[in-house]
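Below, chains carry the letters A, B, ... as their sequence lines are ordered, and counting in each starts from 1.
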Amino acid sequence: MSDAADLHVVRDVLDKAVVDRDGRPMGRADSVTIVVPSDGPPRLESVVIGSTVLAHRAAPRLARWAVLERWLPVVSGPPVAVPFDRIECRGLGLKADVQAGETAAMNLEQRLQRWLARIPGSR
Amino acid sequence: MKKLPTLVLGIVTSIGGFVEAGSISTAAQAGSEFGFALLWAIGLAALIVAMLSEMAGRVACVSRRSMAAAVRERFGVPFQLVPLVGELLIDVVLLTAEIGGAAIALKMLSGIAFPWWIVPVAALAWLVLWLGSFSFIEDGVGLLGTITLSFVAAAWWLQPDAGEVARGFVPRLPDGEVTRYAFLAIGIVGATVSPYLLNFYSSGTIEEGLGEQDLWINRTTAYLGMMMGSVVSMGVLVTAAVVLRPAHVMVDSYENAALMFEPVFGTWGTALFALSLGVGCFGAAVEIALNAAYALAQSLGWSWGANLPRRQAARFTAAFSLMLLVAAAVGLTGIDPLQLTEIALALTVLFMPAVVLPFLVLMNNSAYLKTHRSGPIGNVILAALTIAGALMALVVIPLEIAGG
């Protein structure tokens with residue numbers, strides 16, 4: 001993290017676009033995890049990307065629906081937590097020092113890519 | 001001056017892309033029922049949409065963020081859910097109405113019932129989106145759309161009384177049917193200040209690679225394009241006022257609206273009306289499907305862009321495909337496109353406060369606009385718009401029931 005002293009979690013982290021180390025969009029910071037150690041101040045542990053955590057923030061009651069809870073991770077992949085020490089805040093967005101394609105954040109994208117590859121003539 | 005062609009093309013495509021199902025039907029109804037008396041509503045709505053487009057374009061030029069992305073980042077997902085769900089809902093209803101409008105145009109040309117045209121129209125729209133780059137889609141739709149200038153030609157040819165027309169730009173209460181008059185005035189605003197138009201405009205600014213140095217292009221395209229585009233809507237209203245009103249023709253179907261071209265274009269009238277309606281609706285359908293994919297992808301942080309190979313933005317591609325599929329399925333039920341248009345207009349007005357309010361905050365945020373933030377006048381106008389939007393949202397449903 002470049003300038004930890006000035007970090008505001010809601011203003012600078014939550015809901016910001018996350019790109020991987022090659023600049024490929026991974027999603028948005030749908031949630032964060034914070035650890036509260038008994039012997040120190042709370043610490044931002046990770047940025048979480050995933051439809052289930054997003055649903056819990058956007059509409060908690062809706063997100064608890066059994067159908068949604070069961071199928072969202074199946075369709076779009078389980079949540080991906082990127083450790084905060086691998087995140088760099090860059091202007092209005094975040095850069096994660098990971099390879100997007102190797103995380104579950106791209107599950108749906110990759111599945112759809114395989115389907116689209118069968119349709120001829122696209123750009 | 002290297003970007004002069006971009007500017008000219010931007011203005012021409014704004015004119016060609018201005019009218020669609022909503023603007024044609026509301027302007028035709030307004031003209032046939034109240035003469036020129038609602039011209040002011042079209043002018044005012046165009047001014048509002050020009051202002052908001054310029055602002056959305058300014059945010060995009062300076063921050064490289066579309067409205068959907070900026071609202072998610074600045075307000076967080078619990079707030080953004082309201083305008084996003086509203087926008088997607090309006091997009092589905094309006095997309096179905098536009099596909100239906102294009103299908104009715106094809107019915108007028110071929111005599112084959114309109115539900116048969118729903119799937120071919122949706123499939124053609126998908127093909128354009130599957131194959132085309134952003135400029136192919138935007139310029140193609142806009143240039144074809146210049147056929148809608150036939151509404152202006154018709155109004156010109158009919159030589160309406162200039163003084164009467166000019167009086168139409170001054171708002172005043174009608175002699176009777178106040179609720180219907182108010183409903184149509186709000187309907188015209190709803191047809192023009194569509195959330196899809198604003199997010200599509202800001203996404204297009206990014207797709208075309210405009211930056212901070214191109215703010216003048218954005219300003220000119222937004223104001224000149226939208227204001228000149230509104231002249232086409234005014235052409236519809238004036239033609240309807242001169243032709244349909246004296247004949248007491250109510251515009252309760254597109255076939256009735258087509259009668260406005262008969263005195264001007266004779267036997268070609270219906271065909272030309274159908275072409276203008278069809279091209280206007282088809283262009284809007286393509287843009288609405290694309291916009292729903294933009295809004296969803298930008299909100300969720302997916303790869304997006306009509307200039308990307310489709311497989312590099314697979315979820316974005318799936319999103320516009322799904323939109324067209326859903327709209328075609330709804331359209332196949334045979335639901336009247338004109339009724340759907342009215343529902344979409346009411347929904348647009350209902351969600352207007354949630355769409356306009358974020359502008360007030362974003363336009364004052366230096367993280368997004370650096371030194372190009374709104375001044376006091378811009379803020380006062382935005383605040384007034386938010387309040388007016390909220391008031392219209394309160395009355396639109398009762399008015400739709402009483403005057404719709």
Side chain, backbone, both or neither: which part of B:Ala367 has a heavy atom under 4.5 Å from chain A?
both

Please look at B:Leu308 and chain A and tell me whether the side chain, the backbone, both or neither of the residue comes under 4.5 angstrom of a heavy atom of that chain.
backbone

Tell me, yes or no, whether the heavy-atom count around B:Arg64 atom CZ, taken from other residues, nucleotides or ligands under 6.0 Å, exceeds 12.
yes

Under the 3.5 angstrom rule, does the side chain of A:Glu109 hit a backbone N or O of B:Arg315 as a donor-acceptor pair?
yes

Is it the side chain or the backbone of B:Arg65 that comes within 4.5 Å of chain A heavy atoms, both, or neither?
side chain

For the residue pair A:Pro25 and B:Gly301, what are the closest heavy atoms and their distance?
CB-O, 3.6 Å

Determine the minimum heavy-atom distance between A:Leu112 and B:Ala314, stating which atoms define it.
CB-CB, 3.7 Å

With a 4.5 angstrom heavy-atom cut-off, could you sort out which part of B:Ala70 is near chain A: side chain, backbone, both or neither?
neither

Are the side chain of A:Arg28 and the backbone of B:Gln298 linked by a donor-acceptor contact shorter than 3.5 Å?
yes

Atom group of B:Trp130 that falls short of 4.5 Å from chain A, counting heavy atoms:
both

Minimum heavy-atom separation for A:Asp30 to B:Arg72, with atom names?
OD1-NH2, 2.9 Å

Proximity of residues 352-364 of chain B to chain A, residues having a non-hydrogen atom under 4.5 angstrom:
none

If the contact rule is any heavy atom under 4.5 Å from chain B, which residues of residues 45-58 of chain A qualify, in numerical order?
A:Leu54, A:Arg57, A:Ala58

Proximity breakdown for B:Thr317 and chain A, heavy-atom pairs closer than 4.5 Å
side chain

Listed by residue number, which members of residues 99-107 of chain A have a heavy atom under 4.5 Å from any heavy atom of chain B?
A:Ala105, A:Met106

Side chain / backbone / both / neither for A:Arg24 at chain B, heavy atoms under 4.5 Å:
side chain

Please tabulate, for the side chains in residues 79-93 of chain B, all donor-acceptor contacts under 3.5 angstrom to protein atoms that are two or more places apart in sequence or on a different chain.
residue, atom, partner, partner atom, Å
B:Gln80, NE2, B:Ala68, O, 3.3
B:Gln80, NE2, B:Ser299, OG, 2.8
B:Glu87, OE2, B:Asn291, ND2, 2.8
B:Asp91, OD2, B:Asn291, ND2, 3.2

